[in-house]
Amino acid sequence: MNHVAVIGLGRIGLPTALVLEKSGFQVIGIDTDESRLNAIKTKALHIDEPDIRSLFKASKISVSNQPTAADIFLICVPTPLTQEKKADLSHLQSAIAMIQPFLTKENLVIIESTCPIGTTDEIASHFPGVYFAYCPERVMPGKLLKELIECDRTIGGVDQKATEKAIEFYSRFCRGSLHKTQAKMAEAVKLAENAYRDVNVALANELSMFARRIGLSDQELIALANCHPRVDILKPGPGVGGHCIPIDPEFLIEAFPKETTLLQAARVVNEQKRIWVEEEIEKGIRQHRCQTIALFGLTYKANISDFRHSPALAIYENLKEKYHVIPIDPFYPEGVPIQNGIKQAEMVVGLVAHDAFRVLDKNSLNGKIILDYAEVFG
Ligand SMILES: NC(=O)c1ccc[n+]([C@@H]2O[C@H](COP(=O)([O-])OP(=O)(O)OC[C@H]3O[C@@H](n4cnc5c(N)ncnc54)[C@H](O)[C@@H]3O)[C@@H](O)[C@H]2O)c1
């Protein structure tokens, strides 16, 4: 069980392939995106994560658009939503179709892509004799390599033998605890984790909206409430973004429309928060007759270069249609340097609190209209 084919070389697949190679596996990386394959072949890295550069540079990993025979197939392809907010499993289905000619009895197929409950069992039912397991990823951008190895994992096979084989595989490179379960449970656990995050952020976002509506500081409200020994409210922001939290609860909502009232409400609140922030900014622009606005932070969260489903980026894109908006973000290719942006703007708006903004000279904000939705300006 030494030869692993990693299918999908994105933010999860490529770092996993590198870690596996370093742990002594013989690894081939498969992707359908030729430009990604060419970039990897020419040692151009598309992921910005601590410590990944040296691992990537030292790697001798081979990549291809076609799988070969392997002992283990590890599937890390995207599972986005359709326009109708249904789970789009087309990448997963085409990945399975692609490896099908190479699958033999005793092979182990592990799905890491986030899936609706029951997906692994359903796929496995078409391949008798092949071991199938599901193991979701818990990594956070910015800590990806560390968490890939150190996080506990929930590993569920479609039967006990598949679970054991998958546990044996992960034990060769993971240091976190490996929790045995069934495939369905492992799929449900992943969705429950991101539903938890979405609901908790929604609470912070809702508290923030009504506090601000009556002129209270949301920051102070939450800090004081958190002095209670059993209260731990998260920080609010301009909504919820990223490739997981706004997507994964929808898999549960689609499957269980009657049993997910809270999850549906959380989705509405977090979507609404972005619109609310945008309206507040526009209100400020009109009230103070501002011509130029500087937006601080456009990624979906602080200190990472990920813009997927970023509410801050959506706010920027909408506002720039109507106003002169200066983007200030160290990760945004057209980002304007902090002091240049401040000099030109009459209004400054905090959306994402990157550490890079800590150097900001507070005196340079004198005379500016300040709106802050993410504790950017203190
Ligand atoms: N990025 C994260 O931090 C994270 C965390 C937890 C779970 N996940 C889940 O992991 C899965 C992968 O996410 P990601 O962030 O790595 O996605 P990504 O978009 O960064 O990368 C996916 C890769 O798969 C390739 N691909 C698409 N269809 C393919 C196919 N049929 N065969 C081979 N390659 C194919 C794409 O070209 C791309 O390179 C998703 O289900 C996601 O929800 C991601």
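The shown structure was predicted, so the numbers you read here are calculated from the model rather than taken from an experiment. Just so you know, ligand 1 is whichever comes first in the structure, and atom 1 is the first atom listed for that ligand.
- Between Tyr134 and Glu112, the shortest heavy-atom distance links the atoms OH-O, 4.1 Å.
- Of the candidates Tyr300, Tyr332, Phe331, Tyr332 is the only one forming a ring-ring contact (aromatic ring centres under 6.0 Å, His included) with Phe307.
- Contact annotation: for Lys190 versus ligand 1, heavy atoms closer than 4.0 Å belong to the side chain alone.
- Here the closest heavy-atom approach between residue Ala192 and residue Leu252 is recorded as N-CD1, 4.4 Å.
- Counted within 6.0 Å of NZ on Lys320, heavy atoms from surrounding residues, nucleotides or ligands total more than 12; the atom is thus considered enclosed.
- Partner of His228 under the side-chain contact (heavy atoms from CB on, under 4.5 Å) criterion, out of Val231, Asp232, Leu224: Val231 alone.
- Nearest non-hydrogen protein atom to atom 33 (C) of ligand 1 is Ile7 CG2, 3.6 Å.
- When only modelled atom types and interatomic distance are considered, Tyr323 and Glu282 share a side-chain donor-acceptor pair under 3.5 Å.
- Near Val139, meaning under 4.0 Å from any of its heavy atoms, are these atoms of ligand 1: 3 (O), 5 (C).
- Here Phe25 and Phe169 bring their ring centres to under 6.0 angstrom of each other.
- Shown in contact with Met98 at under 4.0 Å from a heavy atom are these atoms of ligand 1, numbered in order with element: 32 (N), 33 (C).
- No donor-acceptor pair under 3.5 Å is formed between the side chain of Ser59 and the backbone N or O of Leu55.
- Under a 4.0 angstrom heavy-atom cut-off, Met140 registers as lying outside contact with ligand 1.
- Protein heavy atom closest to atom 20 (O) of ligand 1, with residue, atom name and distance, is Arg11 N, 3.0 Å.
- Distance from atom 7 (C) of ligand 1 to its nearest protein heavy atom, with residue and atom name: Thr114 OG1, 3.6 Å.
- Among Thr79, Val77, Asp33, the residue whose heavy atom lies closest to atom 11 (C) of ligand 1 is Val77.
- Nearest to atom 1 (N) of ligand 1 among the protein's heavy atoms is His243 NE2, 3.2 Å.
- Listed by atom number, the atoms of ligand 1 under 4.0 Å from Cys76 heavy atoms are 12 (C), 22 (C).
- Within the 4.5 Å cutoff, the side chain of Arg11 has heavy atoms near those of the Arg308 side chain.
- When only non-hydrogen protein atoms are considered, atom 10 (O) of ligand 1 lies nearest to Ile12 CG1, 3.7 Å.
- Within the 4.0 Å heavy-atom criterion, the part of Cys244 lying near ligand 1 is the side chain and not the backbone.
- When heavy-atom distances to ligand 1 are checked against a 4.0 Å cut-off, His91 comes that close through both its backbone and its side chain.
- Looking at Glu346 and Lys368, no side-chain N of the basic residue comes within less than 4.0 Å of a carboxylate O on the acidic one, giving no salt bridge.
- Ranking the protein heavy atoms by distance from atom 39 (O) of ligand 1 puts Asp31 OD2, 2.6 Å first.
- Looking from atom 27 (C) of ligand 1 to the surrounding protein, the closest heavy atom is Pro78 CD, 3.5 Å.
- Contacts between Lys143 and ligand 1, counted as non-hydrogen atom pairs separated by less than 4.0 Å, are absent for every part of the residue.
- The shell of residues lying under 4.0 angstrom from ligand 1, judged by heavy atoms, includes Arg308.
- In this structure, Tyr170 is a member of the same hydrophobic cluster as Ile167, with clusters built from ILVMFWY side-chain heavy atoms closer than 4.5 Å.
- Distances from atom 31 (N) of ligand 1 to the heavy atoms of Ser94, Pro141, Gly10 show the closest one on Ser94.
- Interface atoms of ligand 1 facing Ala95, defined by a heavy-atom separation under 4.0 Å, are 31 (N).
- Counting heavy atoms from C-beta outward, Ser305 and Asp48 have side chains that approach closer than 4.5 Å.
- If you look at Ser113 next to ligand 1, the close heavy atoms, those under 4.0 Å, come from the backbone and the side chain alike.
- In terms of protein heavy atoms, atom 26 (N) of ligand 1 is closest to Thr32 OG1, 3.7 Å.
- In terms of modelled atom types and a separation under 3.5 Å, the side chain of Asp306 and the main chain of Gly242 share no donor-acceptor contact.
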